[in-house]
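Residue numbers begin at 1 in each chain, while the letters A, B, ... track the order of the sequences.
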Amino acid sequence: MSDESTPAHRYTAAVANSIESRWQRYWEEHGTFHAPNPTGPLAGDVPPDKLFVQDMFPYPSGAGLHVGHPLGFIGTDTFARYHRMNGRNVLHTMGFDAFGLPAEQYAVQTGQHPRITTEQNIARYLSQIRRLGLGHDERRRIATTDLSYYRWTQWIFLQIYNAWFDERVSKARPIAELEAEYERGDRATPDGRAWSELSRIEQRKLVDSHRLVYQSEAPVNWCPGLGTVVANEEVTPDGRSDRGNFPVFRKNLRQWMMRITAYSDRLIDDLDMLDWPEKVKTMQRNWIGRSAGAHIRFPVGDAAVEVFTTRPDTVFGATYLVLAPEHPLGDALTPAAWPAGVDERWTGGGATPAEAVAAYRRAAAQKSELDRQESRDKTGVFVGVHAVNPVNGAEIPVFVADYVLMGYGTGAIMAVPGQDQRDWDFATVFGLPIVRTVQPTAGFSGEAFTGDGPAINSAFLDGMDVAEAKKTIIAWLEQNGHGEGRLQYKLRDWLFARQRYWGEPFPIVYDSDGLPVALPESMLPVALPEVEDYSPRTFDPDDADSEPSPPLSRAADWIEVELDLGEGRKTYRRDANVMPQWAGSSWYQLRYVDPTNEERFSEPENERYWLGPRPQEHGESDPGGVDLYIGGIEHAVLHLLYSRFWQKVLYDLGHVSGPEPYRRLFNQGYIQAYAYTDSRGVYVPAEEVTERDGRFFHNGQEVRQEYGKMGKSLKNVVTPDEMCDRYGADTFRFYEMSMGPMEVSRPWATKDVIGAQRFLQRMWRNVVDETTGEVRFTDEVPDDDTLRALHRTIDGIHADYAAMRFNTAGAKLIELNNHVTKVYGGRPCPRSVLEPMILMLAPLCPHIAEEMWAALGHTESLAHGPFPRADERYLVEETVEYPVQVNGKVRARVTVAADAGQDEVRAAALAEEKIAALTEGMEPRKVIVVPGRLVNVVL
RNA sequence: GCCCCCGUAGCCCAACUGGCAGAGGCAGCCCCCUUAAAAGGGGUGGAGUGCCGGUUCGAAUCCGGUCGGGGGCACCA
């Protein structure tokens, strides 16, 4: 790297690397980043001013990191270091979300236990991030796969399991309180019998049906290719699995669910209290999908079809009803034969309604989600009966059609073709009548009219606008017993079980009646057993009829267990499911706070200190939570919704002090990269490509440029290790932070990194003689100009660091260093300038800053400050130069005393030669003086 | 199809609540150091803010339209 002619003490990569490993060792040995807790094993002196900064839980992938991964980590570290230097108690660490498919799939292929793979990957990951000099409290590292961690994941599961949601107070309560209500008779059983008349099994089933974790035989997303079921959130819009991209089928299976829907309103409403990007809030609102409308019952003989609609005001225009294919009434309502004169288009070729419905339903079930969405042509069959529209007594036909989804609303709709395009399309295909109930705006040329306007053809609603008509009809429906106003949500309950190996086992066993029994806390943890074969049975990815067969069910010694659960020793069967990967990441901030606590998941005093609401600082509605949470936008719905849900349950049950886990969320951008393909479309190594006149060449052949992700298969990966080797970690850190604002995605450009290194070399040279290695500085007083530059920088950099504008903070440092270099050019610089400059550099480039700080004679690390304060005296200028505009164009400049009044500035501007010439002695129409800014003369 | 974000020098990016378009870096050009070289030093030119229109004394910034790029949702009644 350094040949003879490079000065021995120049800040080269080799010098940087030796400085870096030395300081990393120092920090570790001195516990520099240990953040004290108020109580417990990590207790120490705690200042009241604290800051909890958290990166999104990384998965320790075997592929290692590329330069995009640490962007957020360096950002949080810089932010954390800045605040630590300003005296705050800063908690910053990093653990691993280590359960999951890749390690398991590797185990399936090689037979190596996923724990070994996981541990190796974690070690590799740590070695990569340690080189970056991140100021983590190493005592707080955790992995979700640690038994000491997942016992608490299981404990939290039990809290949720042993709770129910009391609608009357909109919060979770212990299940024992529900049982007590039944026992006392305060709450009626479904069939009205007294609690004591129910059998023990009936009692248990009744209570179980209220739990926040429950089993249901419901349509779930079965993915034969993965051999497991997956959550709605893990299914892509085209009906495939998020991981692996296999087809997903809706299938009725008995599965564990978490009642997240009980929290729909609070999950939406509490978003208002959070300092989060609007984009993420909007995504969560859309996902929960609250819409206001009404349930309306349409009588069919003795039965009734209940529909959900957001447009009850259009009920007079309902000309038919539609049931989802899976709707139970599809069978129940069918008469023995078609009514006379039935429209041929309506029968689907079936000889009887029952046959037609059955055939249609079979066809619908075979369609994957993808098929269903690919073709938007409306299909359906007539059920053979008519329902009565309760508002006008009209007889309207009932259909089954797959454009109505069973999982939303009641699984049935009233179709109003006049105001809904989907209904219009269907009505057109089937020759059904169309009645407009809202007067379209003049000139409207479309089909269904969905806008606002006066009601028509709607009896007592006529003339009302949509909002008023809705209110009026809902009141009428409620009065007459035909329906009621209702809120509806898209959010569905969280499918919580996976038929996999590498996850947290459920702390649940089944008794001889086949009913689930929660294990008591004292029997935690339930450790994962050793198994012969880590794979679930997987199937042909397209085999919708296959059934899950989890690996744990084959661990015979483990699955059968003899326990005393209060009724003497009995044999039980363990639950063979494991929790989804989202379980461990739904509460890890609570464990960072108190990672070694063996008595509790987190000591309340520690939890309150680090995560509790602080209304004095953050306003009255402060929900508490991590002070700054940085990660990618990809977790906007899944992780962040689950985490908020668990926090709320724990909050309701009194285990945590605030209702939200993450007070402030920040999404960092991505580092992207160019990739190049040759004429065959094969990727060529990006670093070997050269550019000429806007065209790109590899070995003389022209190649095509693409822009996107960094990845092995694209041959464009650049790793942090490589950057550390070539430039040093500080240079790499500085470059990443100076590429642009944290939230913006940008392309990686290795050739630009040199700029960051040159800056650090120049700054180093201002402290250390490159040839002799001697430290150089003086105690002389800097000139006024330099002092002003210094204090302006200090003033600006505080604001930049606090607002995470690390790119402009870096630019200010370069600017100041350039100034100092110019003024002192080779002579020793005043210590009083060097020291604050070094301190200001420290959050971005901690190693070189420590080294220079020590070189200037300091024996203590600068990690805890001091951080320089700007002296007001040097921030005020004595004179101000005002640009003088005439009609908005700059024509001249005048310099006046900084404390000059507006009149003085105005007089000076008008007196200026060029301005006077332009005004020719005439009085201008207007003169605008913006104090400290400019003067604009309007002629 | 609906909704959101972003377009400033060859490239990455600055510009506080509307107020002199440039802080910083890369590349370019010039000079210096060097036997030579550069991942050394010093200096320097370069855009009127995608496009059209509006509001304003004044617009990169606000408003409307349009083009380009990125993202989210998508038979949710």
Side-chain angles (χ1 to χ4, degrees), chain A residues 1-3 5-7 10 12-13 237 277-280 282-283 286-287 289 291 293 307-311 314 322 372-373 375-376 378 401-405 407-416 419-423 425-426 488-491 633 636-637 670 672 691 693-694 707 726-727 731 734-735 738-741 743-759 761-762 765 770 796 799 805 807-815 818 821-822 825-826 881-890 893 924-928 930 932-939:
Chain A
M1 189 68 55
S2 64
D3 55 62
S5 59
T6 302
R10 172 167 293 170
T12 57
E278 264 320 305
K279 186 184 165 81
V280 177
T282 305
M283 284 167 73
N286 288 344
W287 187 262
S291 52
V307 307
F308 172 70
T309 176
T310 55
R311 293 294 302 276
T314 64
V322 185
R372 208 164 171 168
Q373 280 169 28
S375 146
R376 302 233 160 160
K378 297 290 178 286
D402 69 358
Y403 82 96
V404 173
L405 309 174
Y408 184 73
T410 60
I413 63 157
M414 64 175 201
V416 186
Q419 270 75 231
D420 186 295
Q421 190 60 44
R422 294 158 301 187
D423 298 341
D425 294 342
F426 188 90
Q488 191 66 50
Y489 306 86
K490 280 203 289 188
L491 183 69
I633 187 84
V637 177
Y670 296 108
Q672 301 193 290
E691 184 187 348
D693 308 324
Y707 179 59
R726 283 172 65 180
Y727 303 101
T731 294
F734 191 90
Y735 173 65
S738 62
M739 288 170 78
E743 64 273 24
V744 172
S745 293
R746 61 303 289 269
W748 177 260
T750 299
K751 67 177 174 57
D752 291 1
V753 180
I754 189 70
Q757 191 185 36
R758 283 185 194 143
F759 158 60
Q761 284 178 342
R762 285 199 296 270
R765 202 177 295 126
E770 280 194 338
R805 291 191 300 255
N807 54 330
T808 52
K812 286 186 174 74
L813 287 168
I814 293 174
E815 196 181 0
N818 287 349
T821 307
K822 192 176 277 182
E881 189 190 62
Y882 280 86
V884 184
Q885 297 182 331
V886 176
N887 291 339
K889 289 219 160 49
V890 179
R893 288 163 197 283
R925 292 224 325 265
K926 207 170 175 185
V927 178
I928 291 143
V930 185
R933 283 286 175 188
L934 55 49
V935 181
N936 190 11
V937 180
V938 185
L939 294 178

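- Closest non-hydrogen pair, Y727(A) versus T750(A), comes out as OH-O, 4.2 Å.
- The shortest distance between side-chain heavy atoms of P924(A) and V937(A) falls below 4.5 Å.
- The base-pairing partner of rA15(B), taking Watson-Crick or G-U wobble contacts with both distances under 3.5 Å, does not exist among the strands shown.
- Comparing E770(A) and K490(A) by the nucleotide of RNA chain B whose heavy atom lies nearest to each, the residue mapping closer to the 5' end is E770(A).
- Of the possible polar contacts, none joining the R311(A) side chain to the T309(A) backbone as a donor-acceptor pair under 3.5 Å is found.
- Scored by the side-chain hydrogen bond (donor to acceptor under 3.5 Å, both in side chains) test, D420(A) finds R422(A) as partners (sequence neighbours excluded).
- At whole-Å resolution of the value, CZ in F426(A) and P in rA77(B) are 19 Å apart.
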Within the sub-3.5 Å range, which N or O atoms of nucleotides 13-15 of chain B have a protein N or O partner, and how far apart are they?
from, atom 1, to, atom 2, distance (Å)
rA14(B), OP1, N807(A), ND2, 3.4

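- Comparing rG64(B) with rU56(B), their C1' atoms are spaced 16 Å from each other, to the whole Å.
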Under 3.5 Å, N/O pairs linking protein and nucleotides 67-69 of chain B:
none

Criterion side chain to side chain contact (heavy atoms under 4.5 Å, CB included) on M414(A) and D423(A), from CA distance to verdict: CA-CA 9 Å; M414(A) 64 175 201; D423(A) 298 341; over 6 Å; no
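- Nucleotide rC73(B) has rG1(B) as its partner under the Watson-Crick or G-U criteria, with both atom distances under 3.5 Å.
- Put simply, the side chain of N936(A) never gets that close to the backbone of I928(A): no donor and acceptor are under 3.5 Å apart.
- Base orientation of rG40(B): anti, the glycosidic angle falling outside 90° of 0.
- The aromatic rings of Y403(A) and F426(A) sit tilted, their planes meeting at an angle between 30° and 60°.
- Distance CD/Q757(A) to CD/Q761(A): 4.5 Å, rounded to 0.5 Å.
- With a cut-off of 3.5 Å on both Watson-Crick or G-U wobble distances, the partner of rU44(B) is given as rG28(B).
- Per the geometry, CG belonging to D402(A) stands 17 Å off P belonging to rA77(B), to the nearest Å.
- At least one donor-acceptor pair closer than 3.5 Å links the side chain of R746(A) to the backbone N or O of P741(A).
- A heavy-atom distance below 4.5 Å is found between the side chains of Q488(A) and Y408(A).
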Strictly under 3.5 Å: I want the nitrogen or oxygen pairs between protein and nucleotides 26-33 of chain B, one per line.
from, atom 1, to, atom 2, distance (Å)
rC26(B), OP1, R758(A), NH1, 2.4
rC26(B), O2', K751(A), NZ, 3.3
rC26(B), O2', D752(A), OD1, 2.7

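- Of the candidate nucleotides rA23(B), rG40(B), rG42(B), rG40(B) has the atom nearest to the side chain of R765(A).
- Between the C1' atom of rA77(B) and the CD atom of Q421(A) lies a distance of 14 Å, rounded to the nearest Å.
- Comparing the P positions of rC20(B) and rA15(B) gives a spacing of 13 Å, expressed to the nearest Å.
- As judged by a 4.0 angstrom heavy-atom cut-off over every strand, T314(A) is placed among residues making no nucleic acid contact.
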Let's go through R765(A) and R10(A) carefully: what are the C-alpha distance in whole Å and the side-chain angles of both, what is the deciding distance for side chain to side chain contact (heavy atoms under 4.5 Å, CB included) to 0.1 Å, and is it a yes or a no? CA-CA 7 Å; R765(A) 202 177 295 126; R10(A) 172 167 293 170; 4.3 Å; yes
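- Here the separation of rG68(B) from rA21(B), taken at their P atoms, is 31 Å to the nearest Å.
- A distance of about 10 Å separates the C1' atoms of rU49(B) and rU61(B), rounded to the whole Å.
- In this structure, D420(A) atom CG and rG1(B) atom C1' are separated by 14 Å, rounded to whole Å.
- Nucleotides rA23(B) and rC12(B) are separated by 14 Å at their C1' atoms, to the nearest Å.
- Nucleotide rG68(B) has rC6(B) as its partner under the Watson-Crick or G-U criteria, with both atom distances under 3.5 Å.
- rC73(B) and rC11(B): their C1' atoms are spaced 34 Å apart (whole Å).
- Here the CZ-OG1 distance, from R762(A) to T821(A), works out to 6.5 Å after rounding to the nearest 0.5 Å.
- Rounded to an integer number of Å, the gap from N818(A) CG to rG43(B) P is 8 Å.
- Residues satisfying the side-chain contact (heavy atoms from CB on, under 4.5 Å) criterion with A749(A), sequence neighbours excluded, are Y735(A), D752(A).
- K822(A) comes within 4.0 angstrom of sugar-phosphate atoms only, judged by non-hydrogen atoms across all strands, and of no base.
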Would you list the protein and nucleotides 55-58 of chain B atom pairs, both N or O, that sit under 3.5 Å from each other?
from, atom 1, to, atom 2, distance (Å)
rC57(B), O2', N936(A), ND2, 3.4
rC57(B), O2, N936(A), ND2, 2.5

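- The nucleotide whose nearest atom lies closest to any side-chain atom of A811(A) is, among rA23(B), rG42(B), rG71(B), rA23(B).
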Run the numbers on I413(A) and F308(A) for side chain to side chain contact (heavy atoms under 4.5 Å, CB included), then give the verdict. CA-CA 6 Å; I413(A) 63 157; F308(A) 172 70; over 6 Å; no
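- As a whole-Å value, the separation of W748(A) CH2 from rG25(B) C1' is 13 Å.
- Counting all heavy atoms, side chain and backbone alike, K279(A) lies closest to I633(A) at CE-CD1, 3.7 Å.
- Nucleotides rA38(B) and rA27(B) place their P atoms 12 Å apart, quoted to the nearest Å.
- The nearest whole Å value for the distance from the CD atom in Q761(A) to the P atom in rA38(B) is 16 Å.
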Between V884(A) and L934(A), does a side chain to side chain contact (heavy atoms under 4.5 Å, CB included) hold up when you go through it step by step? CA-CA 6 Å; V884(A) 184; L934(A) 55 49; over 6 Å; no
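- A straight line from OH of Y403(A) to P of rA77(B) spans 13 Å, rounded to a whole angstrom.
- Note on I814(A): only backbone sugar-phosphate atoms sit closer than 4.0 angstrom, heavy atoms only; bases stay farther off.
- Nucleotides of RNA chain B nearest to W287(A) and G411(A) differ in position, and the one nearer the 5' end is that of W287(A).
- Between the C1' atoms of rU66(B) and rC6(B), the separation comes to 16 Å (whole Å).
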